[in-house]
Amino acid sequence: MGKRALITGITGQDGAYLAKLLLDKGYAVWGGMRRTSNLNLGRLAFLGIEDKIRLIPLDLMEQTNILRVIEGIMPDEIYNLAAQSFVAVSFEQPVLTAEVTAVGVARLLDAIRTINPRIRFYQASSSEMFGKVQTVPQNEKTPFYPRSPYAVSKLFAHWLTINYRESYGTFACSGILFNHESPLRGMEFVTRKITNAVARIKKGLQKELRLGNLEAKRDWGYAPEYVEAMYLMLQQSQPDDYVIATGETHSVREFAELAFSHVGLDYRDFVKEDPEFIRPAEVELLIGDYSKAKEKLGWQPEIRFSELVKIMVEHDLKLISR
Ligand code: NAP
Ligand code: F7E
């Protein structure tokens, strides 16, 4: 019999790609989704798997819900991808962000401890925890310096994951994933905001693109490859933490330049800087060192920056044409 996995945040970018990967590996996959007034299965439908997932109401705000869901499924593995994941919003909603992104993880870890300590747990940690970076590049030993309520929340969850491992022997892993993007990326994140605008401008549906800090640099990878690393972490003999990244960094300006040039346009004719999108505190530079993941998991990225930009622009051009 195949393994049983519970994925929280199944409606998000990574939830969809991870579900596809686990289904392909023969897992029975339960997808936890919070209640919304509209069913939000677009990403699962895009991958053709919406009928293969056992969808289940699951909100990280509600401990009783978490306990009943885990007891009912008795999964072998839980992948916690649910979060208030948008850094900009976390400055406006710090309490909600902490409730979901930080305390939600305490609820999950403690439910595992209570119900079945043998369940393997993956926590979606983030390169945002490095914030004002203390070393370049960043690896598993780099000290943290979070710069947003989101990053502070993720850091709590990260340390709690380690704490449950050390205190109770939970098989709990933390993947410190650098930015990873795809055609399924949410529209508010800068990469998708740019590629969607490029497609709309090319088709005459939009005239300009308003962005914040063009000089911020990120290590952008391809989401379908990053979910493979999550899976690999839970298949090891010992739980551990891993940086997942490409080892390359590029600015938002470079992303825009390449995306516009892909359709024969000059970004300088369309991009306007708008203080509305400047954050109270910024993460200026991220670049990850994934050598531990390469050595221990045999993981390495294949899709690089220019290929990623191309995949996203071409997808959005097709989408807009429809
Ligand atoms: P995403 O697309 O924003 O998905 C987040 C998911 O969390 C959505 O399914 C969302 O549901 C769900 N969610 C939000 N609040 C919830 C709650 N109270 N209870 C249950 N579910 C809730 O994020 P992603 O890009 O797939 O990222 C997956 C995880 O990795 C997140 O934890 C993110 O913080 C982390 N991460 C992402 C990156 C990246 O570059 N993508 C890098 C490092 C870490 P709705 O659909 O209803 O909103
Ligand atoms: O911003 C700058 C912005 O919102 C990237 C999440 O998945 O990755 C993501 O967080 C950079 C920042 O992603 C706009 O100031 C400029 O420097 O795409 P983003 P993020 O904040 O890096 C990490 C790893 C996560 O864990 C998070 O969950 O781009 N930027 N102009 C802009 N950003 C946005 N969103 N919109 C702009 O107009």
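All values below come from the heavy atoms of this structure, side chains included, with hydrogens, waters and symmetry mates left out. Order of listing sets the numbers, starting from 1, for every ligand and every atom in it. Everything numeric in this text was worked out from a predicted model, so none of it was measured.
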**Q.** Part of A223 with heavy atoms under 4.0 Å of ligand 1, whether side chain, backbone, both or neither
**A.** neither
Q. Do ligand 1 and L81 have nitrogen or oxygen atoms that lie under 3.5 Å from each other?
A. yes
Q) Of all heavy-atom pairs between Y222 and H180, which one has the smallest distance, and what is that distance? A) C-CB, 4.3 Å
Q: Looking only at non-hydrogen atoms, find the nearest pair between A19 and I49 and report the distance.
A: CB-CD1, 3.8 Å
(Q) Only heavy atoms of S126, strictly under 4.0 Å: list the atoms of ligand 2 that pass. (A) 23 (C), 24 (C), 25 (C), 26 (O)
Q: Distance to 0.1 Å, residue and atom name: give those for the protein heavy atom nearest to atom 8 (O) of ligand 2.
A: N179 ND2, 3.1 Å
(Q) Between ligand 1 and Y150, can you find any atom pair, the residue atom being a heavy atom, that is separated by under 4.0 Å? (A) yes
Q | Side-chain ion pair, R218 and E254, N-O less than 4.0 Å | A | no
Q | Atoms of ligand 2 close to S127 [distance to a heavy atom under 4.0 angstrom, numbered from 1] | A | 24 (C)
Q | Nearest neighbour in protein (non-hydrogen) for atom 1 (P) of ligand 1 | A | S85 OG, 3.7 Å
(Q) Please list the nearest protein heavy atom to atom 35 (N) of ligand 2 with its residue and the distance rounded to 0.1 Å. (A) E188 O, 2.9 Å
Q | ligand 2 atoms in contact with F86 (distance to a heavy atom under 4.0 Å) | A | 4 (O), 35 (N)
(Q) G212 versus ligand 2: do any nitrogen or oxygen atoms come within less than 3.5 Å of each other? (A) yes
(Q) Polar contacts were defined as any N/O atom of the residue lying under 3.5 Å from an N/O atom of the ligand; does this apply to Q84 and ligand 1? (A) no
Q | Atoms of ligand 1 close to A124 [distance to a heavy atom under 4.0 angstrom, numbered from 1] | A | 29 (C), 30 (O), 32 (O), 35 (C)
Q) For D241, which of K296, R165, K292, K141 qualifies under salt bridge (Lys or Arg N to Asp or Glu O under 4.0 Å)? A) R165
Q) Looking at atom 21 (O) of ligand 2, what's its closest protein heavy atom, distance included? A) R279 NH1, 2.6 Å
(Q) Checking a contact table here: which protein heavy atom is nearest atom 4 (O) of ligand 1, and how many Å away? (A) G12 CA, 3.4 Å
Q: With heavy atoms under 4.0 Å as the rule, classify the contact between V252 and ligand 2 as side chain, backbone, both or neither.
A: side chain
(Q) With respect to S127, determine whether any N or O atom, backbone or side chain, lies less than 3.5 Å from an N or O atom of ligand 1. (A) no
Q. Hey, is M33 touching ligand 1 through its side chain, its backbone, both or neither, going by heavy atoms under 4.0 Å?
A. neither
Q | Heavy-atom nearest neighbour in the protein, as seen from atom 30 (N) of ligand 2, with distance rounded to 0.1 Å | A | V190 CG2, 3.8 Å
Q.
Considering both backbone and side-chain atoms of D59, is one of its nitrogen or oxygen atoms within less than 3.5 Å of a nitrogen or oxygen in ligand 1?
A. yes
Q: Would you check the N or O atoms of E181, main chain and side chain alike, for any that come under 3.5 Å of an N or O of ligand 1?
A: no
Q) Does any N/O atom on S85 come nearer than 3.5 Å to any N/O atom on ligand 2? A) yes
Q: Could you tell me which atoms of ligand 1, counted from 1 in the order shown, lie closer than 4.0 angstrom to a heavy atom of S125?
A: 43 (C), 44 (C)
Q. At a non-hydrogen distance cut-off of under 4.0 Å, which region of L58 contacts ligand 1 (side chain, backbone, both, or neither)?
A. backbone
Q: Measure from atom 11 (C) of ligand 2 to every heavy atom in M187, R218, K217 and give the option owning the shortest one.
A: R218
Q. At what distance is the nearest protein heavy atom to atom 38 (O) of ligand 2, and which residue and atom is it?
A. K193 NZ, 2.7 Å
Q. Should R304 and E248 count as an ion pair when the cut-off is N to O under 4.0 Å?
A. yes
Q) Which ligand 1 atoms, with their elements, are less than 4.0 angstrom from a heavy-atom of A83? A) 5 (C), 7 (O), 13 (N), 14 (C), 15 (N), 31 (C), 32 (O), 34 (O)
Q) Which atoms from ligand 2 have a heavy atom of Y150 less than 4.0 Å away? A) 25 (C), 26 (O), 27 (C), 28 (O)
Q: Tell me which protein heavy atom sits closest to atom 42 (C) of ligand 1, plus the residue, atom name and distance to 0.1 Å.
A: H180 CE1, 3.3 Å
**Q.** Nitrogen or oxygen atoms of N40 and ligand 1 under 3.5 Å apart
**A.** yes
**Q.** Within reach of ligand 2, part of R185 (heavy-atom separation under 4.0 Å)
**A.** side chain
Q | Proximity to ligand 2 by part of V87, non-hydrogen separation under 4.0 Å | A | side chain
Q) Heavy atom under 4.0 Å from ligand 1: found in E128's side chain, backbone, both, or neither? A) neither
Q: Within a distance under 4.0 Å of any heavy atom of F277, pick out the atoms of ligand 2 and give their elements.
A: 38 (O)
Q: Return yes or no for this condition: an N or O of D14 is under 3.5 Å from an N or O of ligand 1.
A: yes
Q) Can a non-hydrogen atom of V100 be found less than 4.0 Å from any atom of ligand 1? A) yes
Q. Which of the atoms of ligand 2 are close to E282, meaning less than 4.0 Å from one of its heavy atoms?
A. 3 (C), 12 (C), 15 (O), 17 (O)
Q) At a 4.0 Å threshold, what atoms of ligand 2 neighbour a non-hydrogen atom of A216? A) 17 (O)
